[in-house]
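Written out below as structure tokens is the structure these notes cover.
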Amino acid sequence: MLNAQVCATSASQTASSEVTCFGGSNGSSTITMSPTPTVSSITYTVDGGSSQSATLVGGSFTISGLSAGVHAVVISNAGCSNVTATGVSVNGPSQLTNTTSASACDSYTWSVTGQTYTTSGTYTGTSTNGNGCAVNETLNLTINHNSTSEETQSACNSYTWHGTTYTASGDYTYTGSNASGCQNIVT
């Protein structure tokens, strides 16, 4: 007398690994069928996609290449009715973002884009973190400007200006800082 084929009547996720980067598809899910079918060769579809082949090991198989979210997995086993796996979900991170505020005198070169900016504003770009994931970057930039100014002074015999004593008439310059912290050249 031949033994009757055992067919699974249910399937569920028993383990998963999450997606590394937002928008990625490197997650996986282990599906276990119950009862364990006697035929170990199966085919399955994920979210109505193309049919894939797998071999059951102890009634289980692993699906790779999944994106974050909930998935519909339909499993076919020769000679048995299709079984839909329930609760197949893969976690993953949210979109990574980073905001930087900076101020500079006259211009600023942002390492994220490699561009040099000469006006204040909000700029965006994309970088890659240590895990190889994309990070949406925002730069809030304030550009201050260098300045020049003039002073006219007269004195008898000598005049001390910014720590230097002058004994002859002429045009002299001193480099300091203006109110915004940028270079100010005073003549």
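Residue numbers count from 1 along this sequence.
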Is any side-chain heavy atom of [Y] closer than 4.5 Å to one of [X]?
{"X": "L139", "Y": "Y108", "value": "yes"}
{"X": "Y123", "Y": "V112", "value": "no"}
{"X": "T119", "Y": "I143", "value": "no"}

With sequence neighbours left out, which residue pairs that include part of [range] fulfil the side chain to side chain donor-acceptor pair (under 3.5 Å) condition?
{"range": "residues 165-174", "result": "T160-T165"}
{"range": "residues 84-98", "result": "N98-E137"}
{"range": "residues 57-73", "result": "T30-T62, T32-S60, D47-H71"}

Listed partners of [X] passing side chain to side chain contact (heavy atoms under 4.5 Å, CB included), at least two apart:
{"X": "S51", "answer": "T43, T45"}
{"X": "S10", "answer": "S34"}
{"X": "A8", "answer": "M33, P37, V83"}
{"X": "N129", "answer": "L96, N131, C133, V135"}

**All side chain to side chain donor-acceptor pair (under 3.5 Å) counterparts of Q115, not counting sequence neighbours** = Y117

**Message:** Whether the side chain of N77 engages the backbone of V39 through a donor-acceptor N/O pair (distance < 3.5 Å, no angle test) should be reported.
**Reply:** yes

**Prompt:** Ignoring hydrogens and geometry, is there a side-chain-to-backbone donor-acceptor pair from Q52 to V46 under 3.5 Å?
**Reply:** no

**Request:** Determine whether more than 12 heavy atoms belonging to other residues, nucleotides or ligands lie under 6.0 Å from atom CD of E150.
**Result:** no

Donor-acceptor list for residues 16-25 side chains, cut-off 3.5 Å, not counting sequence neighbours:
from : atom 1 : to  : atom 2 : distance (Å)
S17  : OG     : S28 : N      : 3.4
S17  : OG     : S28 : OG     : 2.7
T20  : OG1    : N26 : ND2    : 2.7

**Asked** When you look at T99 and N140, which way does the side-chain contact (heavy atoms from CB on, under 4.5 Å) test go after all the steps?
**Response** CA-CA 7 Å; T99 300; N140 295 317; 3.4 Å; yes

Distance-minimising heavy-atom pair for [X] and [Y]:
{"X": "G114", "Y": "T109", "answer": "O-CG2, 4.0 Å"}
{"X": "C182", "Y": "N144", "answer": "SG-CB, 3.4 Å"}
{"X": "A54", "Y": "Y44", "answer": "CB-CE2, 3.9 Å"}
{"X": "L56", "Y": "F61", "answer": "CD2-CD2, 3.6 Å"}
{"X": "C80", "Y": "Q5", "answer": "SG-NE2, 3.3 Å"}

**Item:** Pairs flagged by ring pair (Phe, Tyr, Trp, His ring centres under 6.0 Å) wherever residues 72-102 is involved - sequence neighbours left out
**Value:** none

**Request:** Linking directly or through intermediates, with side-chain heavy atoms under 4.5 Å: list the remaining ILVMFWY members grouped with V6, chain and number order.
**Result:** none

**Request:** Could you identify which residues cluster with V74, counting Ile, Leu, Val, Met, Phe, Trp and Tyr as linked when any side-chain heavy atoms lie under 4.5 Å apart, either directly or through a chain of such contacts?
**Result:** none

**Request:** Evaluate the side-chain contact (heavy atoms from CB on, under 4.5 Å) criterion for residues T138 and T122: first the C-alpha distance (whole Å), next the side-chain angles of each, then the deciding distance (0.1 Å), finally the verdict.
**Result:** CA-CA 7 Å; T138 300; T122 300; 3.6 Å; yes

**Item:** Q183 and its side-chain contact (heavy atoms from CB on, under 4.5 Å) partner, picked from D106, N178, N146
**Value:** N146

**Prompt:** How many angstroms lie between atom CG of N184 and atom OG of S177, to the nearest 0.5 angstrom?
**Reply:** 8.0 Å

